[in-house]
Asks: 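Have a look at this one.
Computed from a predicted model, the values in this text were never measured in an experiment. One-based numbering along the sequence shown. Start at 1 and go down the list; that is how both ligands and their atoms are numbered.
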Amino acid sequence: MITTRQNFDLTAMTTFAIPAKCGCFIEYDIPEDIPFILSTLRHDVDFVHIGGGSNLLFTHDFPGVVAHSAIKGIEIVEEDPAGVKVKVGAGEKMDDFIRWACDRELWGVENLSGIPGEVGASAVQNVGAYGSEAADAIVEVNAYDREKGEFVTIPCEECRYGYRDSIFKRPELRGCYIIHSVVYRLTATPSPKIDYPALRERFQEPPQSPTQVRDAVIAVRDSKLPDPADTPSAGSFFKNPVIDDATLRHIIEVEGNESFPHYAVDGGWKIPAAWLIDRCGWKGRREGNVGVWHLQPLVIVNPERKATASEVIALEQRIKDSVMNRYGVTLTPEVEHI
Ligand code: EPU
């Protein structure tokens, strides 16, 4: 079924709870609705497809059309002694799918427990946490290709997954694919990944079930991240930057030592944005109706649900400026600005 609403308030459609309206909001629940909806769009009207809204900031009212998939379903499509392939509807909540997998003793996505958002978006954003990312378990992505005008299956290797990145985010392919389901591979053989320090310290012995890992991940998240039900946010607001040798040397000079967190990656050094923001004194700070989370400064919060997009953008800019002035590092937002 397709439902259409005009002049729709999107505030409740994003976890940030920042007010914005759209010209028209469309929700649908079967893949076949996608080409039909696209055929009704006027060429002069902007179109954007959203997921669970956990990584989005509407910077203004959006006069165009916003679509959302309510396609559900978690279905085992292939099974062998080693594990299963599961097709999951784009509109399923990612954490509902993870709980489903853990309840069946299937491993592969338990480290992503508690991540807000929906399955379709997990394949766009390559969500990641605690040593895992969605791409580790994605087999293929089923989508409607707007350019070809047909349904396509894109194998994981062709999605070019990287840190919070995929072909679905490339500017030239933006909006080209509308994902309707994602096939995940889950294994029956225990394969716990608990190298992440905050996770490892919760286990005296190796975990026996994915639910044990799930519970530990949720406990770590709860200790650092705001509860989306009480304190609206869009999760990590910035990406962890990769810097070059000269910038690393500059930070060492500013700090007077090199005992801050940084590690070698392709193309330079990765450094936690949380550390940079923390050192610039932002942790727990309030600016009007917006604030920086007191336990994880990577998260911008809307504590009383009163913040506007312009307040968020002003705070974002002040944080970026202070990190640039002190360390010469450019922070880029992880949160998508529409
Ligand atoms: N740190 C500080 N001060 C703090 C918090 C952290 O200096 O108050 C430094 C510490 O050195 C810490 C480092 O930052 O070791 C990294 O912190 P954390 O382990 O919390 O992870 P992160 O890199 O800040 C990333 C993801 C999170 C994910 C965690 C856990 C990004 C942008 N964020 O954060 O994802 O939960 O790792 O794996 O990569 C999200 O995307 O919305 C999200 C929450």
Side-chain angles (χ1 to χ4, degrees), residues 14-16 51-57 94-95 98 109-118 121-136 161-166 169 193-202 213-214 216-228 231-243 251 254-255 257-263 265 269-285 291-302 312 316 319-320 322-323 326-327 329-336:
T14 67
T15 58
F16 219 160
S54 56
N55 199 43
L56 286 186
L57 174 65
M94 188 65 187
D95 198 53
I98 296 169
V109 287
E110 60 283 352
N111 288 44
L112 307 179
S113 292
I115 289 189
E118 294 171 359
S122 74
V124 174
Q125 172 73 353
N126 187 20
V127 294
Y130 308 111
S132 274
E133 51 185 26
D136 300 340
Y161 283 119
Y163 169 62
R164 301 294 200 270
D165 195 28
S166 72
K169 296 183 78 173
K193 281 199 215 163
I194 53 163
D195 288 342
Y196 190 91
L199 206 52
R200 195 176 47 225
E201 60 197 35
R202 288 180 183 259
V213 178
R214 171 177 171 76
V217 165
I218 289 174
V220 174
R221 289 186 75 88
D222 287 349
S223 70
K224 289 191 184 173
L225 298 171
D227 177 350
T231 308
S233 81
S236 298
F237 198 93
F238 298 100
K239 289 189 200 174
N240 287 331
V242 174
I243 57 171
I251 300 175
V254 174
E255 288 294 306
N257 65 65
E258 46 186 295
S259 64
F260 53 86
H262 60 284
Y263 53 97
V265 291
W269 302 90
K270 197 155 197 171
I271 183 155
W275 179 80
L276 296 166
I277 299 168
D278 196 354
R279 292 290 293 162
C280 291
W282 285 103
K283 202 168 176 175
R285 251 165 74 182
V292 175
W293 188 239
H294 62 295
L295 300 171
Q296 168 48 291
L298 201 47
V299 180
I300 293 181
V301 291
N302 173 15
V312 175
E316 169 185 1
I319 294 173
K320 284 173 75 168
S322 66
V323 169
R326 185 174 164 98
Y327 294 116
V329 176
T330 306
L331 288 184
T332 49
E334 187 201 275
V335 171
E336 191 180 346

Asks: Would you verify that at least one protein heavy atom lies under 4.0 Å from atom 12 (C) of ligand 1, or report that none does?
Replies: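 Given the 4.0 Å cut-off, atom 12 (C) of ligand 1 does not count as touching protein heavy atoms.
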Asks: Applying side chain to side chain donor-acceptor pair (under 3.5 Å) to E133 and Y163, what does each step give before you reach the verdict?
Replies: CA-CA 8 Å; E133 51 185 26; Y163 169 62; over 6 Å; no
Asks: For atom 34 (O) of ligand 1, what's the nearest protein heavy atom and its distance?
Replies: L298 CD2, 3.9 Å
Asks: For E334, take its heavy atoms, then give the atoms of ligand 1 lying under 4.0 Å from any of them.
Replies: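 Ligand 1 atoms under the 4.0 Å threshold to E334: 31 (C), 32 (C), 41 (O).
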Asks: Does any N or O in the side chain of D95 come within less than 3.5 Å of the main-chain N or O of G114, such that one atom is a donor and the other an acceptor?
Replies: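 Yes; at least one donor-acceptor contact below 3.5 Å.
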Asks: Once salt bridge (charged side-chain N to carboxylate O under 4.0 Å, His left out) is applied, do any residues pair with D227, and if so which ones, sequence neighbours excluded?
Replies: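 Testing D227 for salt bridge (charged side-chain N to carboxylate O under 4.0 Å, His left out), a comparison that skips the adjacent residues, returns none.
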Asks: F260 near ligand 1, heavy-atom distance under 4.0 Å?
Replies: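 So F260 does not count as touching ligand 1.
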Asks: If you take all heavy atoms of C280 and R285, which pair is closest and at what distance?
Replies: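 Nearest heavy atoms, C280 then R285: O-NH1, 4.3 Å.
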Asks: Just by distance, do the side chain of N111 and the backbone of G131 share a donor-acceptor pair under 3.5 Å?
Replies: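 No; zero donor-acceptor contacts below 3.5 Å.
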Asks: Using a 4.0 Å cutoff against the non-hydrogen atoms of D278, which atoms of ligand 1 qualify?
Replies: 2 (C), 3 (N), 4 (C), 7 (O), 8 (O)
Asks: Between the main-chain N or O of V124 and the side-chain N or O of S166, is there a donor-acceptor pair closer than 3.5 Å?
Replies: yes
Asks: Note the single closest protein heavy atom to atom 19 (O) of ligand 1, along with its residue, its atom name and the distance in Å.
Replies: Y196 OH, 2.0 Å
Asks: For ligand 1, does V127 get within less than 4.0 Å through its side chain, its backbone, both, or neither, judged by non-hydrogen atoms?
Replies: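 Under 4.0 Å from ligand 1, V127 contributes no heavy atoms.
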Asks: Among protein heavy atoms, which lies nearest atom 33 (N) of ligand 1, and at what distance?
Replies: S236 OG, 2.9 Å
Asks: Show me which atoms of ligand 1 lie under 4.0 Å from any heavy atom of L295.
Replies: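 Result: 8 (O).
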Asks: May I ask you to identify the nearest protein heavy atom to atom 1 (N) of ligand 1, giving residue, atom name and distance to one decimal place in Å?
Replies: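 Sorting protein heavy atoms by distance from atom 1 (N) of ligand 1 puts A274 CB, 3.7 Å first.
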Asks: Between P297 and A274, which heavy-atom pair has the shortest distance, and what is it?
Replies: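 Minimum heavy-atom contact is CG-O, 3.4 Å.
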Asks: Does atom 41 (O) of ligand 1 have a protein heavy-atom neighbour under 4.0 Å away?
Replies: yes
Asks: For D195, does the CG atom sit with more than 12 other heavy atoms under 6.0 Å from it, leaving out its own atoms?
Replies: no
Asks: If you compare all heavy atoms of G52 against all heavy atoms of T15, which two are closest, and at what distance to 0.1 Å?
Replies: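 Looks like O-CG2, 4.3 Å.
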Asks: Students should be able to answer this: which protein heavy-atom is nearest to atom 25 (C) of ligand 1, and at what distance?
Replies: N240 ND2, 4.4 Å
Asks: Taking atom 8 (O) of ligand 1 as the point of reference, which of K283, Q125, Q296, K270 owns the nearest heavy atom?
Replies: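 Selected option, by shortest heavy-atom distance: K283.
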Asks: With heavy atoms only and a cut-off of under 4.0 Å, state how A129 meets ligand 1: side chain, backbone, both or neither.
Replies: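 Both of them.
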Asks: Tell me, which protein residue and heavy-atom name are nearest atom 16 (C) of ligand 1, and how many Å apart are they?
Replies: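 The closest one turns out to be P272 CB, 3.9 Å.
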Asks: Among all the protein's non-hydrogen atoms, which is closest to atom 10 (C) of ligand 1, and how far away is it?
Replies: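 Sorting protein heavy atoms by distance from atom 10 (C) of ligand 1 puts P261 CG, 4.4 Å first.
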Asks: Ignoring hydrogens and angles, tell me if any N or O in the side chain of W282 forms a donor-acceptor pair with the backbone of L276 under 3.5 Å.
Replies: no
Asks: Can you check which of R279, R164, H294, E133 brings a heavy atom nearest to atom 35 (O) of ligand 1?
Replies: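 It is R164 whose heavy atom sits nearest to atom 35 (O) of ligand 1.
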Asks: Please report which non-hydrogen protein atom sits nearest to atom 7 (O) of ligand 1, along with the residue it belongs to and the distance in Å to one decimal place.
Replies: W275 CA, 3.2 Å
Asks: Quick one: which ligand 1 atoms are inside 4.0 Å of a heavy atom on G235?
Replies: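 Near G235, meaning under 4.0 Å from one of its heavy atoms, ligand 1 has 42 (O).
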Asks: Between the main-chain N or O of K283 and the side-chain N or O of D278, is there a donor-acceptor pair closer than 3.5 Å?
Replies: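 No, D278 side chain to K283 backbone: no donor-acceptor pair under 3.5 Å.
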Asks: For ligand 1 and K224, I'd like to know whether there is a polar contact (N/O to N/O, distance under 3.5 Å).
Replies: yes
Asks: Within the 4.0 Å heavy-atom shell around F238, which atoms of ligand 1 are there?
Replies: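 In order of numbering, the contacting atoms are 32 (C).
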Asks: Which of the numbered atoms in ligand 1 are under 4.0 angstrom from any heavy atom belonging to Y163?
Replies: 31 (C), 32 (C), 39 (O)
Asks: Could you pull out all donor-acceptor pairs under 3.5 Å where a side-chain atom in residues 231-242 meets a protein atom, sequence neighbours excluded?
Replies:
from: S233; atom 1: OG; to: G235; atom 2: N; distance (Å): 3.1
from: N240; atom 1: OD1; to: A273; atom 2: N; distance (Å): 2.9

Asks: Tell me whether E336 is salt-bridged to R164, with the criterion being a basic N under 4.0 Å from an acidic carboxylate O.
Replies: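 No.
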